[in-house]
**Q** 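I'd like to ask you about the structure that follows.
This is a predicted model, so every value here is computed, not measured. We name chains A, B, ... by the order of the sequence lines, and we start the count at 1 in each one.
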There are 2 protein chains.
Amino acid sequence: MASGGIRPTSRDVARAAGVSQATVSLVLGDKWRGRVSERTAAVVREAAGDLGYAPNLAARSLRTGRTRTALLVVPALTHEYFARVYTGAAAVAAEHGFGVVLYPSPAGTGPARDPFGSARAAIDGVLASSMAADALAGIGEGGRAGGLPLVMLDSDPAAPGGPPTVNLAVADGIRQVARHLLALGHRRIIHLASDVDTWTFRVRADTVAAELRAVPGALLRTERCALDVTAARDAALRALTASGPRPTAVLCDGDTLAAGACKAARHLGLHVPRDLSVSGFDDLSLATALDPELTTVRLPAEQVGGAGMSALLTLLRGDHPAPVDLPVELVVRGSTGPVAAKEA
Amino acid sequence: MASGGIRPTSRDVARAAGVSQATVSLVLGDKWRGRVSERTAAVVREAAGDLGYAPNLAARSLRTGRTRTALLVVPALTHEYFARVYTGAAAVAAEHGFGVVLYPSPAGTGPARDPFGSARAAIDGVLASSMAADALAGIGEGGRAGGLPLVMLDSDPAAPGGPPTVNLAVADGIRQVARHLLALGHRRIIHLASDVDTWTFRVRADTVAAELRAVPGALLRTERCALDVTAARDAALRALTASGPRPTAVLCDGDTLAAGACKAARHLGLHVPRDLSVSGFDDLSLATALDPELTTVRLPAEQVGGAGMSALLTLLRGDHPAPVDLPVELVVRGSTGPVAAKEA
DNA sequence: CAGCGGCAGTGTTACGTATAACGTGGCTGG
DNA sequence: CCAGCCACGTTATACGTAACACTGCCGCTG
């Protein structure tokens, strides 16, 4: 079991099983239907098991040109959403004997000019978040990434001739949030939005605007800021202290922004949700760590990664994966409530 | 630049440079000192650059048995600390042409019996967090992991004959927290501790106990719970509503626990920090998302990963890396304050 | 002038796998 | 009785790199 350090090769297995190396390769490669007898196959598998044989991936890659490794391109793994996307992708990949590596070497120390660098030699396909698209100029042209099969995550599915996409129903999610707030009686609403200009955030902005336009008397103020707590706090403070009647709800593009909005509220002496309702988006662990817990939209991040990986595997088989749209779910918690009586 | 898809080989470079393939290998492998003239080397490098040559990693691995890839074993990437450890490790690895893959395929779908599975074929060494040690029974025996060079992170450095370690000065950090609370006048203190029994948490418990023992009149109550907000909230509620005079401070083993403690305080109508001081540990992004922001201990997580990777590279060179102890820093924010006058 | 050592490279080989091409008995239909 | 075919394997080969052994050649030395 605990071998001295030298790994057995397919030839060792062949010797042990009394067959040729080619037969071992056939059996273990699952290509033996009708070419090797059931019994011989069993013998080979047992010998492989006894020796603890595992194929040398380098040799296999060299021969086939396939590495059984996918590259996941995300802006930062320290964002919980992307960590979960990775988790989902890696799980599906593992089921198919694939591995997942990450780009960039998160410090961003890699050569920006040649996005894939030497990694290009060692991967079969790319799974890229549209939020990392800035790191990869020209990605997605012709539906490929530097000649490699590509699947885009959270990207505009309408792009013609683009790569297969896996998307979340963000429009639906943010619409549910908007209607939730409207149903609670809120009419003066701040949309605390990301200042990043990618599809997933444009959709949010458009949908919120459309929903509020449909309601007479609804008033929308949009405030854009970076996706961090401090920036969100400052932006929320600006919006809440602007002239005119005070908004009664802050609809945020992300839980992080919502945390900032809550801090702004507290700073102004406003109670959440009595004086101000705050909604998030993402359902990070942060959402339940705050007090009150955030009303937010739960994103199936693992499924995004998993579905993306499935699509990539389909692509690698030569088929065309269908576009995927994953449902999201409004989770109502304590940070939103009915508008105060005096405000109504 | 954008070649049709077929990658150039070292032989192509050799042809372009007018030398033999072996020379290309020598030059690009940086083994040419005194074996190839400066001028020839320059010619080779230029040809390689023109063709956009990148070595075929599979072929190299096959020949050398080295893959230039390290395995990072962590419990879950969705924990911000480990995501940051990964980030640091990957950055250092990239500087040396190494990659980092993660274990387990986070869903835990891998074969638990053979911890490394087929990955063992494709890695040169292992970087393992002691907090994932349960996933890897027998890891670290003889300072190796299944025959592979190993570096342990956040592990007991005193283990004899064990692998090289990279540690944080957690004892120093938690001591600073304890003294901070004591200096603020707190005497009745809850230690909200992890129920995980690994070195890093044992050190916390021992250090807190020792510090409080040294102060006359100090009273310590330890409450153990799982590392999530809800469990922490419940544990804190238990401790805060126990009979006897109420504690004035909760010293937590992690920011997540501290978030739970804050929720418990709010549930009991206690103001943080006026009625109850709460301290965290880790300095996650959560620490500044909460309101008030958490007094906590900042851990150089990226440096843990980076130093671990450096140690592993040293090990792979055949040298003995020195044990690393990284300093931590107390960050005083708004969640701790002087004990209320009436309590004193 | 023979011999030696160092420089600057070249020729060749091995790594372990996957697969195309190639037997080889035995059975069966005509 | 033989062609043909199936079931069952084997032989041979290619992949791209790194390392080892080797070869001219030049200058120096005794």
**Q** Quick one: label A:Ser37 by what it contacts on the DNA or RNA (base, sugar-phosphate, nothing), any heavy atom closer than 4.0 Å.
**A**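 Here A:Ser37 touches the backbone only, sparing every base.
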**Q** What's B:Thr9 touching, base or sugar-phosphate or nothing? Going by heavy atoms closer than 4.0 Å.
**A**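 Sugar-phosphate contact only.
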**Q** Between the base of D:dA7 and the side chain of A:Glu38, is there a donor-acceptor distance below 3.5 Å?
**A** no
**Q** Report yes or no: do B:Thr67 and B:Asp124 form a side-chain donor-acceptor pair below 3.5 Å?
**A** yes
**Q** Indicate, with a heavy-atom threshold strictly under 4.0 Å, whether A:Val24 touches base, sugar-phosphate, or nothing.
**A**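 Here A:Val24 touches no strand at all.
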**Q** Please state whether the phosphate of C:dT19, meaning OP1 or OP2, lies under 4.0 angstrom from any side-chain nitrogen or oxygen of A:Lys31.
**A** yes
**Q** Starting at CZ of A:Arg35 and ending at P of D:dC6, how long is that distance when rounded to a whole Å?
**A** 13 Å
**Q** Starting at CG of B:Asn56 and ending at C1' of D:dA18, how long is that distance when rounded to a whole Å?
**A** 13 Å
**Q** Is there a donor N/O on one and an acceptor N/O on the other, under 3.5 Å, for the side chain of A:Arg63 and the base of D:dA14?
**A** yes
**Q** Can a side chain N or O of B:Ser20 be found less than 4.0 Å away from OP1 or OP2 on C:dG9?
**A** no
**Q** Contact class for A:Arg60 vs. all strands (heavy atom < 4.0 Å): base, sugar-phosphate, or nothing?
**A**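 Touches sugar-phosphate only.
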**Q** Remember a base hit wins even if backbone is also touched, and classify B:Thr40 as base, sugar-phosphate or nothing at under 4.0 Å, heavy atoms.
**A** sugar-phosphate
